[in-house]
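Down below is the structure, laid out as structure tokens.
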Amino acid sequence: MSSRFQAPRGTQDILPEMQPYWAAVLRAAEDVTRLFGFRRIDTPVFENAALFEKGSGDTTDIVEKEMYQFEDRGGDRLALTPEGTPGIARAYLEHGMASWPQPVRLWTTHPMFRYDRPQKGRYRQHTQIDCEVIGSADPLVDAEVIELLWRIYQAVGIKSVGVRLGSIDDLEPRKAYVQRLKEYYRPHLDRLSEDSRRRFDRNPLRLLDSKDERDLPYKDAAPKLVDQLSPEAQAHMEVVRTALDAAGIPVVIDPLLVRGLDYYNRTVFEIVPTDDERAQGTVGGGGRYDGLLEILGGPHTPAVGFGSGIERIILEMQKHEVAVAEPPAPDVFLIHRAENAARAVTQLAGSLRSRAIAVVVAESGRSMKSQFRSADASKARFAVIVGDDELARGVAMVKDLRGGGEQREVPLEGVAEAIAGVR
RNA sequence: GCGGGCGUAGCGUAGUGGUUAACGCGUCUGGUUGUGGCCCAGAAGAUCGAGGGUUCGAACCCCUCCGCUCGCCCCA
């Protein structure tokens, strides 16, 4: 028992009973992205490690300590994708999508890999729905992707979520702000948490993100980026806000919202449940990344997008007891008891399936009682019974397993019609 | 990387030092000769997470390790 294999830590099997949830989420993603004119793209599960080091940023936690890296047999340094955006940006450049009508709207669903401590809603392999609009600087597009994500949640039955919106301005104005922020924190440096002292040098914006008690006293009085945005970024955010308001989406401006990736500028957002302050509550987040494609060696190309974790969406669905559609039971459970049933059973099952009737064939050699019990467990509507008697006469018994269980004799060629008629 | 909780059949649990580890669900078989759901009976299925220690005797007490889980950090 204990020596048997287990799924690697932080990974999970998605058992049949969970599949309806996944199907519902993916269906919603397909439907909603289509409503917004997105086309699906799929990118590899691994990429060159350097793509993320340059793209996501080598001071981010994701790259610094969470990447699954490996060298393949040819010596290439690769990484399992820790997040989706760089791969799609890479594909945009690699396939010359700048020559497609702009902007390009792409979506995908893709496994992500991060080496961190698993807990509820956090896994080493998880799956994201990813939407990216590349080639637009229009703030209406920011609002559009947020609305898209919002509508996915609505479509799967999660109603109580809210948008947290922030802006981290553009690179140059942000540099000036970061100086001011550091000046503010510098006198208090020796009283801050270790993490924050480290961030002071490496990634000062994250100082505001701290939840460490030692840092909290300084947070409120710290200069807030959102209060001193450049006029351009300020105007940008106002349009996003107005558009979201027009879409009827509740928005809270969060001045402390800082996301974990280096490439964001201006718009950043998260979507969180409004009815529960759970730790791993964020179901989706994203932002604008006008600089990323340039970092990856392409021309300046503004873009905006989001990722949303399917596992977390499903946790929310379960929390709200959202009903999901179960796949239909088989139409027919084929019971057989004959000396040489192999040919007849296979042909009968085959002819039914060719008519799109779903058939499960009983295990050979089991008793009638056992086969009927299996038929019942399968939830099939009909039992079709063939034994020596029936085969000799070219007929089958068709029994309706619902209700009283009426049974009648039907010629073998007529079984499909008899069932299709009732179904 | 840091803290808390928990590991007994496929699942959920009982058993807290004394002979062959119990119950429910599930699985399989049967309740006459070819008929399900309910019911009844039976069977299979557990080296009690692993190793070491204490003891005449350990699922139960102690130690170490492993695994799972929840939280912190971070993120989806």
Side-chain angles (χ1 to χ4, degrees), chain A residues 1-12 15 17 25 56 60-66 81-85 109-130 149 153 193-196 198-199 203 206 209-213 215 258-261 269-273 278-286 306-316 333 335-338 362-363 365-391 397-407:
Chain A
M1 239 284 283
S2 54
S3 63
R4 267 194 261 167
F5 284 111
Q6 289 176 284
R9 168 160 234 196
T11 67
Q12 53 185 349
L15 299 177
E17 63 191 38
V25 174
S56 313
T60 58
D61 278 4
I62 286 178
V63 170
E64 202 173 20
K65 50 189 193 190
E66 294 176 1
T81 52
E83 60 126 349
T85 305
T109 175
H110 196 281
M112 305 294 171
F113 304 87
R114 293 178 198 172
Y115 187 86
D116 51 11
R117 262 314 264 278
Q119 58 185 279
K120 193 175 183 64
R122 196 180 68 188
Y123 310 100
R124 288 183 174 179
Q125 177 182 338
H126 74 279
T127 313
Q128 286 189 21
I129 295 165
D130 231 291
L149 184 53
Y153 299 142
S193 68
E194 301 77 37
D195 263 355
S196 287
R198 200 168 52 90
R199 287 174 182 146
N203 199 343
R206 307 233 59 168
D209 209 25
S210 173
K211 282 126 197 151
D212 193 296
E213 280 189 21
D215 303 331
V258 180
R259 308 213 73 246
L261 299 165
F269 65 93
E270 284 183 357
I271 300 201
V272 293
R278 264 207 353 272
Q280 311 301 329
T282 306
V283 286
F306 68 77
S308 183
I310 294 183
E311 291 83 355
R312 288 189 186 175
I313 294 174
I314 290 173
L315 283 173
E316 285 301 308
F333 193 89
I335 290 172
H336 53 95
R337 186 164 212 192
E363 290 287 288
R366 288 199 182 172
S367 69
M368 275 287 162
K369 179 194 283 286
S370 169
Q371 294 191 56
F372 267 95
R373 279 178 173 160
S374 298
D376 198 57
S378 78
K379 297 195 165 73
R381 172 73 191 272
F382 296 99
V384 171
I385 305 115
V386 292
D388 289 313
D389 293 356
E390 287 82 4
L391 289 181
M397 305 302 286
V398 175
K399 177 167 179 165
D400 190 339
L401 291 173
R402 222 180 277 173
E406 288 166 43
Q407 181 169 319

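Chain A is the first sequence line, chain B the second, and so forth, proteins listed ahead of strands; every chain is numbered from 1.
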Open item on the list: Tell me the closest heavy-atom pair linking A/Glu390 and A/Ile385, and the distance in Å.
Closed with: CG-O, 4.0 Å
TODO: Check every strand shown and say whether A/Glu66 touches a base, only sugar-phosphate, or nothing at a heavy-atom separation below 4.0 Å.
DONE: sugar-phosphate
Task: Of A/Gly285 and A/Met397, the one whose closest RNA chain B nucleotide lies more 5' - done: A/Met397
Open item on the list: Closer than 3.5 angstrom, by distance alone: can the side chain of A/Gln371 be matched with the main-chain N or O of A/Arg366 as a donor-acceptor pair?
Closed with: yes
- [ ] Remember a base hit wins even if backbone is also touched, and classify A/Lys399 as base, sugar-phosphate or nothing at under 4.0 Å, heavy atoms.
- [x] base
Open item on the list: How many whole angstroms separate atom CZ of A/Arg373 from atom C1' of B/rG31?
Closed with: 9 Å
TODO: Report yes if at least one side-chain N or O of A/Gln119 is closer than 4.0 Å to OP1 or OP2 of B/rG71; otherwise report no.
DONE: yes
- [ ] Using atom CZ of A/Arg366 as one end and atom C1' of B/rG30 as the other, report the distance to the nearest whole Å.
- [x] 14 Å
TODO: Please give the nucleotide sitting opposite B/rG67 as a Watson-Crick or G-U wobble pair, both distances under 3.5 Å, or none.
DONE: B/rC6
Task: Distance in angstrom units between A/Leu401 CG and B/rG37 C1', rounded - done: 9 Å
Task: Distance in angstrom units between A/Phe113 CZ and B/rA76 P, rounded - done: 16 Å
Open item on the list: Quick check on B/rG30: is either OP1 or OP2 less than 4.0 Å from any side-chain nitrogen or oxygen of A/Ser367?
Closed with: yes
- [ ] Could you state the atom-to-atom distance from CZ of A/Arg337 to P of B/rU33 in whole Å?
- [x] 9 Å
Open item on the list: So, OP1 or OP2 of B/rU29: does either fall under 4.0 Å of a side-chain N or O from A/Ser370?
Closed with: yes
Open item on the list: Counting the atoms with a prime plus P, OP1 and OP2 as sugar-phosphate, which does A/Gly10 contact under 4.0 Å by heavy atoms, base, sugar-phosphate, or nothing?
Closed with: nothing
Open item on the list: Measuring from the side chain of A/Met368 (C-beta onward, heavy atoms only), which nucleotide among B/rG34, B/rA76, B/rC70 has the closest atom?
Closed with: B/rG34
Task: B/rA22 and B/rC68, which share atom name P, separated by this distance in whole Å - done: 30 Å
Open item on the list: For a quick check of understanding: with a heavy-atom distance under 4.0 Å over all strands, which category does A/Ile335 fall into, base, sugar-phosphate or nothing?
Closed with: nothing
Task: Nearest heavy-atom neighbours spanning A/Thr81 and A/Pro111 - done: OG1-O, 3.1 Å
Open item on the list: Whether A/Arg9 contacts B/rC68 is assessed here as follows: a side-chain N or O lying under 4.0 Å from the phosphate OP1 or OP2. Is that the case?
Closed with: yes
Open item on the list: Rounding to an integer number of Å, can you tell me how far A/Asp388 CG sits from B/rG34 P?
Closed with: 10 Å
Task: Whole-angstrom distance between B/rU47 and B/rC6, as gauged at atom P - done: 23 Å
Open item on the list: With a 4.0 Å limit, can you tell me whether A/Arg117 has a side-chain N or O closer than that to the phosphate oxygens OP1/OP2 of B/rC72?
Closed with: no
- [ ] Between B/rG12 and B/rA41, how far apart are the P atoms? Round to whole Å, please.
- [x] 26 Å
Open item on the list: Both A/Gln407 and A/Ile271 contact RNA chain B. Which one's nearest nucleotide lies toward the 5' end?
Closed with: A/Gln407
- [ ] Could you check how far CZ of A/Phe269 sits from C1' of B/rA76, rounded to whole Å?
- [x] 12 Å
Open item on the list: Roughly how many Å apart are B/rG45 and B/rC23, using the P atom of each and rounding to a whole number?
Closed with: 15 Å
TODO: Counting Watson-Crick and G-U wobble pairs only, both distances under 3.5 Å, name the nucleotide matched with B/rU20, or none.
DONE: none
Task: A/Ser374 versus A/Glu363, side-chain donor and acceptor atoms under 3.5 Å - done: no
TODO: Could you let me know what B/rU29 is paired to, Watson-Crick or G-U wobble, both distances under 3.5 Å, or none if it's on its own?
DONE: B/rA41
Open item on the list: What I'd like to find out is whether the side chain of A/Ile271 reaches to under 4.5 Å of the side chain of A/Phe306, using heavy atoms alone.
Closed with: no
Task: Span that lies between the C1' atom of B/rC63 and that of B/rU54, in whole angstrom - done: 11 Å
- [ ] Could you tell me the separation between the CZ atom of A/Phe333 and the P atom of B/rG37, rounded to a whole number of Å?
- [x] 13 Å
- [ ] Would you check if the side chain of A/Arg381 reaches a backbone N or O of A/Leu401 as a donor-acceptor pair within less than 3.5 Å?
- [x] no
Open item on the list: Could you tell me the Watson-Crick or G-U partner of B/rU55, where both distances fall under 3.5 Å? Say none if there is no partner.
Closed with: none
Open item on the list: Any base atoms under 4.0 Å from A/Glu390, or only sugar-phosphate, or nothing? Heavy atoms, all strands.
Closed with: base
TODO: Search all heavy atoms of A/Glu270 against all heavy atoms of A/Thr282 and return the closest pair with its distance.
DONE: OE1-OG1, 3.6 Å
Open item on the list: Salt bridge check, A/Arg337 against A/Asp388: does any charged N sit closer than 4.0 Å to a carboxylate O?
Closed with: no
- [ ] Tell which nucleotide pairs with B/rG1, taking only Watson-Crick or G-U wobble pairs whose two distances are both under 3.5 angstrom.
- [x] B/rC72
Open item on the list: Could you tell me how far B/rG7 sits from B/rC65 if I compare only their C1' atoms? Round to whole Å.
Closed with: 14 Å
Open item on the list: Between B/rG67 and B/rA58, how far apart are the two C1' atoms, rounded to whole Å?
Closed with: 22 Å
Open item on the list: Is A/Lys369 close enough to B/rG36 that one of its side-chain N or O atoms is under 4.0 Å from OP1 or OP2 there?
Closed with: yes
Task: Atom P, compared across B/rC39 and B/rU13: separation rounded to whole Å - done: 23 Å
